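These notes are about the structure you will find just below.
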2 protein chains.
Amino acid sequence: MKRVTIKDISKHLLLSTSTVSRALTDDKNIRKETREKVLEAAKELGYKPNPSALNLKSGKSNSIGVIVPEMITPFSSKILEGIQNVLSGSKFRVIVAQSNENPETERTNLLMMEEFRVDGIIINLCHETYNHKLYQEILDRGTPMIFFDRIPPSNLDVPKVLVNDQSTSTTMVEHLISTGKKRIVNLMGPKTIRNAIQRADGYKKALYKYKLFDDDLVIETEGTSFIHAKEAMKRLIEKGVVFDAIFAFTDSLAIGAMNYLLEKKYRIPEDVAIASFSGTELSQMVFPPLSTVEQPLVEMGETAVELLLEKIKNPTSKNRFVQLKPELIFRRSTIAQQSHQK
Amino acid sequence: MKRVTIKDISKHLLLSTSTVSRALTDDKNIRKETREKVLEAAKELGYKPNPSALNLKSGKSNSIGVIVPEMITPFSSKILEGIQNVLSGSKFRVIVAQSNENPETERTNLLMMEEFRVDGIIINLCHETYNHKLYQEILDRGTPMIFFDRIPPSNLDVPKVLVNDQSTSTTMVEHLISTGKKRIVNLMGPKTIRNAIQRADGYKKALYKYKLFDDDLVIETEGTSFIHAKEAMKRLIEKGVVFDAIFAFTDSLAIGAMNYLLEKKYRIPEDVAIASFSGTELSQMVFPPLSTVEQPLVEMGETAVELLLEKIKNPTSKNRFVQLKPELIFRRSTIAQQSHQK
DNA sequence: ATAACAATTGGGAACGTTCCCAAAATCTGC
DNA sequence: GCAGATTTTGGGAACGTTCCCAATTGTTAT
């Protein structure tokens, strides 16, 4: 299975490899007729450039690394869709790795990508601080990185894409309040995730404003899976906390909580209303469908690559911080009637 | 950001590049002390081999392409987990592409991977026949391919991994029958997917056996998303078909159908029991949780890479066809009581 | 027709490795 | 102590490309 190389073309046409290369790279220093002849022969012989040779020459791998904490929910899938949208047809390939919510795995993935000399990395962290030093090192060694969704603390000056977690959370919690709920639980994710804290802050702001805040209402989960939400709900109920609504950190947590409550014969939303934050199909796949903060995930992916391409093109460009606008979608988990449904 | 090369080491130690290379590749023709000296220097200088150079030399890219129809459900994610399990720590990198259930995109992905000279491709088809010729061409040009889950017709002699769709479906449908259901709908996927037909065959076998078959009970969906299931259910009900159970092609379809019915105030499983086929977390994320045929997805991924590595090592090895054993899990969507739940 | 210049082409180094072959160093046994 | 065998090292081609520089061809103005 010998592959056609530039040399094969040059032999076939009795031209030098330089000339063939010129034709293929659209160099101006070549006669039109020659170029056409070469392109024709290339097509006829089925020539495909050898990426490794290109990479070796240029020192660039023409590939972009994407690291995500998980792919169990459609969240990352949507982001990837956005990334592919921008990159399809370009010279860049995408290499994807999952950290499985484990900072050590994230570390391995990062080093693997760097070793592979990707032209840049797009990453959604799984722990706010654990690999902080490594990010800086990789950046210093010259690989640009873009952060989205779960971003690092602000003392790391890097391009970022995300939505305004705090103010959007406030709005969503105010919606719960507007439906008459007074005892709203914040099912927050682990504190090692920045957004969990941001969204909790937004929640608190709303509760303070309406003088509804109570420490007992805030409960932290140990992880981000629906199972962790069930555990947390169990704890909450055993503790005897009274509540009539839940604002959850993500769709998965909201779903775990909702199922636990349905099992215990609670009515949603009459007994307990549930709102979440995410933007994945999951919120529509359960019953009743969830009111949620729908983040523009595809757009987030697109934006992230664009920021990266900008950085690759011009490494000294300023680090931009793009904030996207999420949409609040009200569904039956907070509103009993059929109206208002998307 | 100049990277450390073998030449840097050789200059640093006043050795030839050949010797350094020998030390690094664990060649026996080298003095122990020399090797140690080199390895130490390599570590000290932070040497990392340049993959492109390796690839150029060997003609291999040390990467494996994985093509999946979608990543909205956790199905592909589980498969990837298995693939990563086997490959992590190996020299192979994984490149993932989604076909978005579009055979044309699948085609582009395949050609892209071939152009990138992946060492092999692991694929889950999105259409049984559309790219049939291309598979053969790629195989003929020397890139091994492994098929899993949705496989091509048997006239393509390739390694495959899957579960026994037909007989397992029969068993699951018999479970529905055993709970007293008599009008069992087969919510089958599109006929362009082999497994949809296989599972439908298994379904039919069970219904024939108990003399319960009725053409009206079989309904094809236009796609594999939960929305397609809702559409199909709407059609079915408008047609006036009476039914008391559903056997769905996948979790997503089952969920779509279930939500549609919950919305219409059907009780699950009392009015309509629902069973599906898949093995993803989705079946546990909904309420009531779904009885489903749980496929060993991680194992399926692992097996697929193993078959591929076998093929890469020995291209003329026989094409194996591995059939994995799924597990039937009975949950509340078919059994009202709390017992029997996993 | 010819010098001067522009357009086009060819030769060959370079990217970072491996590996074949030859050279050098070391080790045998007598 | 030396021929011959063996171990260890170095030189340099090769993988497929690009790109600099030089060589060739074509064009223009005198």
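Letters go in sequence order (proteins before strands), and every chain restarts at 1. Keep in mind the model is a prediction, meaning the values are calculated, not measured.
Applying a 4.0 Å cut-off to non-hydrogen atoms, none of the residues of residues 111-119 of chain A approaches DNA chain C. Near DNA chain D, meaning a heavy atom under 4.0 Å from it, residues 37-60 of chain B has B:L56, B:K57 in order of number. Near DNA chain D, meaning a heavy atom under 4.0 Å from it, residues 27-35 of chain B has B:N29, B:I30, B:R31, B:T34 in order of number.
Contact record, A:P159 with A:L307: CB-CD1, 4.1 Å, taken as the closest heavy-atom pair. Between B:T143 and B:E114, the shortest heavy-atom distance links the atoms OG1-CG, 4.2 Å.
A side-chain donor-acceptor contact under 3.5 Å links A:D140 and A:Q136.
Under the side chain to side chain donor-acceptor pair (under 3.5 Å) criterion, the residue pairs touching residues 307-316 of chain A are A:E310-A:R320, A:K311-A:N319, A:N314-A:T316, with sequence neighbours excluded. Residue pairs that meet the ring pair (Phe, Tyr, Trp, His ring centres under 6.0 Å) test with at least one member in residues 134-159 of chain A, sequence neighbours left out, are A:Y135-A:F147. The salt bridge (Lys or Arg N to Asp or Glu O under 4.0 Å) pairs that include a residue from residues 34-57 of chain A are A:D26-A:R35, where partners are two or more places apart or lie in different chains.
Looking at residues two or more places apart in sequence or on another chain, you find no side chain to side chain donor-acceptor pair (under 3.5 Å) involving B:S99. For B:E70, there are no salt bridge (charged side-chain N to carboxylate O under 4.0 Å, His left out) partners, not counting sequence neighbours.
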Nucleotide by nucleotide, nucleotides 21-27 of chain C touches protein heavy atoms under 4.0 Å in the pattern (B base, S sugar-phosphate only, - none) -------
In residues 81-88 of chain A, what donor-acceptor pairs under 3.5 Å come from side-chain atoms, sequence neighbours left out?
{"unit_1": "A:N85", "atom_1": "ND2", "unit_2": "A:E302", "atom_2": "OE2", "d": "3.0"}

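The main-chain N or O of B:L134 is never found under 3.5 Å from a side-chain atom of B:N131 such that the two would form a donor-acceptor pair. Checking side-chain atoms of B:S77 against main-chain N and O of B:T73 turns up no donor-acceptor pair under 3.5 Å. In this structure, the side chain of B:T25 engages the main chain of B:S21 through a donor-acceptor pair within 3.5 Å. In terms of modelled atom types and a separation under 3.5 Å, the side chain of B:S16 and the main chain of B:T19 share a donor-acceptor contact. When atom types are taken as modelled, the side chain of A:D27 and the backbone of A:N29 share a donor-acceptor pair closer than 3.5 angstrom. With A:S63 contributing its side chain and A:V118 its backbone, the two residues share no donor-acceptor pair below 3.5 Å. Although no hydrogens or angles enter the test, the distance criterion places no donor-acceptor pair under 3.5 Å between the side chain of B:E106 and the main chain of B:P69. B:D119 contributes a side-chain N or O that, together with a main-chain N or O of B:N62, makes up a donor-acceptor pair within less than 3.5 Å.
Salt-bridge formation is not detected for the pair A:E128/A:R150: no Lys NZ or Arg NE/NH1/NH2 atom is positioned less than 4.0 Å from an Asp or Glu carboxylate oxygen.
The span of DNA chain D lying next to chain B, judged by atoms under 4.0 Å from heavy atoms, is bounded 5' to 3' by D:dT8 to D:dG16.
Looking at heavy-atom distances under 4.0 Å, B:L14 makes contact with sugar-phosphate atoms alone, never a base. At a threshold of 4.0 angstrom between heavy atoms, the contacts of A:L24 with the nucleic acid are absent. Within 4.0 Å (heavy atoms only), A:S21 reaches at least one base atom of the nucleic acid.
Over its length, the helix from C:dA1-D:dT30 to C:dC30-D:dG1 turns its helix axis by 40°, as judged from the five terminal pairs at each end, rounded to 10°.
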